[in-house]
**Student:** 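The structure follows.
Residue numbers start from 1 in every chain, and the chains themselves are labelled A, B, ... in the order their sequence lines are given, proteins ahead of strands.
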Protein chains: 2
Amino acid sequence: MSDESGLSIDKLREYLENEGIHTSYHRLKILEYLRNHRTHPTVERIHKELSREIPTLSKTTVYNTLKLFVREGIVSELTIEEKEVRYDADTKPHAHFKCIECGGVYDIALESPLFEHEMIEGHKIAECHIYLKGVCNDCSKMPKNKRS
Amino acid sequence: MSDESGLSIDKLREYLENEGIHTSYHRLKILEYLRNHRTHPTVERIHKELSREIPTLSKTTVYNTLKLFVREGIVSELTIEEKEVRYDADTKPHAHFKCIECGGVYDIALESPLFEHEMIEGHKIAECHIYLKGVCNDCSKMPKNKRS
DNA sequence: GTATCTGCAAAACATTTGCAATTCT
DNA sequence: AGAATTGCAAATGTTTTGCAGATAC
């Protein structure tokens, strides 16, 4: 849940430029946030958190930037949620688990032949999303008081 | 894509009553539509199609009814789409494929150990959704003209 | 100085809610 | 009558869009 585990801003800038994406302070901070907070945050959360550091950041910019990142393939969208889209800076194939108690979304490391398939029943596969739902480890233990 | 392949209205009524769900003409028609059109329709589509036969049907009732069916476990929600929720009367485990050309959503019969798992990394699994995206058989063949 | 990036305000949708009217038994 | 169902209209919440102002190279 803490900070400072990802690449430096300079490394991120280099990375974006290699991907052919113009850099800007806002874009770098949004990418940095995604890299450092692997909780699959919503636009709302990203905006709220970054606003404390960048008070002028608008939600529109968060939307624009995430859309750009998705288009460029460096971020992926999760639709495990019915209402809001969540974002994930990890584009390597893995599954996601959503806890129906606390609402958290966790990565699940998973070796599945599904991720390898290129063709199923005559359809060309480009993406594979695996969404699991249930009660997470933490919520199973404590009788659903704390947390949220 | 055609009609008349499902159960009769009387069978559906019996089915709903067995599930402990009060029946009504609207509810029966909505369930019938879902059973006969396995295209994972949105609320919009269900409402539009049924309105031709039942001009007084309101979208609110479609929402209410689908929500009821989901709560009672006889219909499941697909969030493969970013924008709209889709509904599926088939609650047996299977995967879904969405064509990024024509937008159609197809069932994929799939034997996956994922559907059997009850526990992964300490989390209790209640539901498993597998969403694939790519270009469907039909769209691969014809150079993306017709269809929609 | 021209491209791009940003952000406000308004618009566009999907979905939910409150409540009154209707229907069913 | 009494309980459940229905549907309108308004509210909500997320995402998109148009456009003007700011910023960067």
**Student:** With the 90 degree cut-off around zero defining syn, does D:dA3 come out syn or anti?
**Tutor:**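 Base orientation relative to the sugar is anti.
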**Student:** Are the side chains of A:L110 and B:L114 in contact, using a 4.5 Å heavy-atom criterion?
**Tutor:**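 Yes; the side chains approach each other to less than 4.5 Å.
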**Student:** When all nucleic acid strands are considered with a 4.0 Å heavy-atom cut-off, which category describes A:S24: base, sugar-phosphate, or nothing?
**Tutor:** sugar-phosphate
**Student:** Would you kindly give the CD1-to-C1' distance between B:I30 and D:dG7, to the nearest whole Å?
**Tutor:** 12 Å
**Student:** Starting from P on C:dT15, measure out to NZ on B:K59 and report it in whole angstrom.
**Tutor:**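 Taking NZ of B:K59 and P of C:dT15, I get 9 Å after rounding.
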**Student:** Go ahead and name the base partner of C:dA3; Watson-Crick or wobble counts if both distances stay under 3.5 Å, otherwise write none.
**Tutor:**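 Its partner is none (no Watson-Crick or G-U wobble pair with both distances under 3.5 Å).
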**Student:** So, does A:H22 get its side chain near the phosphate of C:dA3, meaning an N or O under 4.0 Å from OP1 or OP2?
**Tutor:**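 No, because none of the side-chain N or O atoms of A:H22 sits under 4.0 Å from OP1 or OP2 of C:dA3.
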**Student:** Rounded to whole Å, how long is the line connecting atom CG of A:N64 with atom C1' of C:dC8?
**Tutor:**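 Taking atom C1' of C:dC8 as the reference, CG of A:N64 is at 12 Å.
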**Student:** Take atom CZ of A:R27 and atom P of D:dT23, then tell me their distance rounded to the nearest Å.
**Tutor:** 16 Å
**Student:** At under 4.0 Å between heavy atoms, what does B:T56 touch on the DNA or RNA strands: base, sugar-phosphate, or nothing?
**Tutor:**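 Sugar-phosphate: the residue B:T56, judged by heavy atoms under 4.0 Å, touches backbone atoms but no base.
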**Student:** OP1 or OP2 of D:dG7 sitting under 4.0 Å from any side-chain N/O of B:S58?
**Tutor:** yes
**Student:** Report yes or no: does A:H47 contribute a side-chain atom to a donor-acceptor pair with the main-chain N or O of A:V43 at less than 3.5 Å?
**Tutor:** no
**Student:** OP1 or OP2 of C:dG7 less than 4.0 angstrom from a side-chain nitrogen or oxygen of A:T61, does that happen here?
**Tutor:**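 Indeed, a polar side-chain atom of A:T61 lies that close.
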**Student:** Whether the side chain of B:R13 engages the backbone of B:T23 through a donor-acceptor N/O pair (distance < 3.5 Å, no angle test) should be reported.
**Tutor:**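 Side chain of B:R13 to backbone of B:T23: no pair is present.
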**Student:** Side-chain contact test, heavy atoms from C-beta onward, threshold under 4.5 Å: evaluate it for B:V62 versus B:I30 and give yes or no.
**Tutor:** yes
**Student:** Taking a hydrophobic cluster as the set of Ile, Leu, Val, Met, Phe, Trp and Tyr residues connected by side-chain heavy atoms closer than 4.5 Å, whether directly or through intermediates, do A:F97 and A:L78 fall within one such cluster?
**Tutor:**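 Hydrophobic grouping puts A:F97 apart from A:L78.
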**Student:** Report the distance from atom NE2 of B:H26 to atom P of C:dC24, rounded to the nearest whole Å.
**Tutor:** 9 Å
**Student:** If I take atom CD1 in residue A:I21 and atom P in nucleotide C:dC5, what distance separates them, rounded to the nearest angstrom?
**Tutor:** 10 Å
**Student:** Could you identify the nucleotide paired to D:dT14, looking across every strand shown and requiring Watson-Crick or G-U wobble geometry with both distances under 3.5 Å?
**Tutor:**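 With both distances under 3.5 Å, D:dT14 matches C:dA12.
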**Student:** Using a heavy-atom distance cut-off of less than 4.0 Å, which residues of residues 65-91 of chain A contact DNA chain C?
**Tutor:** A:K83
**Student:** Does a nitrogen or oxygen in the side chain of B:Y63 sit under 4.0 Å from OP1 or OP2 of C:dT16?
**Tutor:**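 So the side chain of B:Y63 is outside the cut-off, no N or O lying under 4.0 Å from OP1 or OP2 of C:dT16.
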**Student:** Calculate the interatomic distance between A:E44 atom CD and D:dT15 atom P; express it in whole Å.
**Tutor:**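 Going from A:E44 (CD) to D:dT15 (P), I get 9 Å.
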**Student:** Just how far is it from atom CZ of B:R86 to atom NE2 of B:H40, taken to the nearest 0.5 Å?
**Tutor:**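 So the gap between those two atoms works out to 8.5 Å.
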**Student:** In whole Å, what is the span from the CD atom of A:E17 to the C1' atom of D:dC25?
**Tutor:** 12 Å
**Student:** For B:T61, is there any backbone N or O sitting under 3.5 Å from a side-chain donor or acceptor partner on B:T65?
**Tutor:**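 A pair under 3.5 Å: yes.
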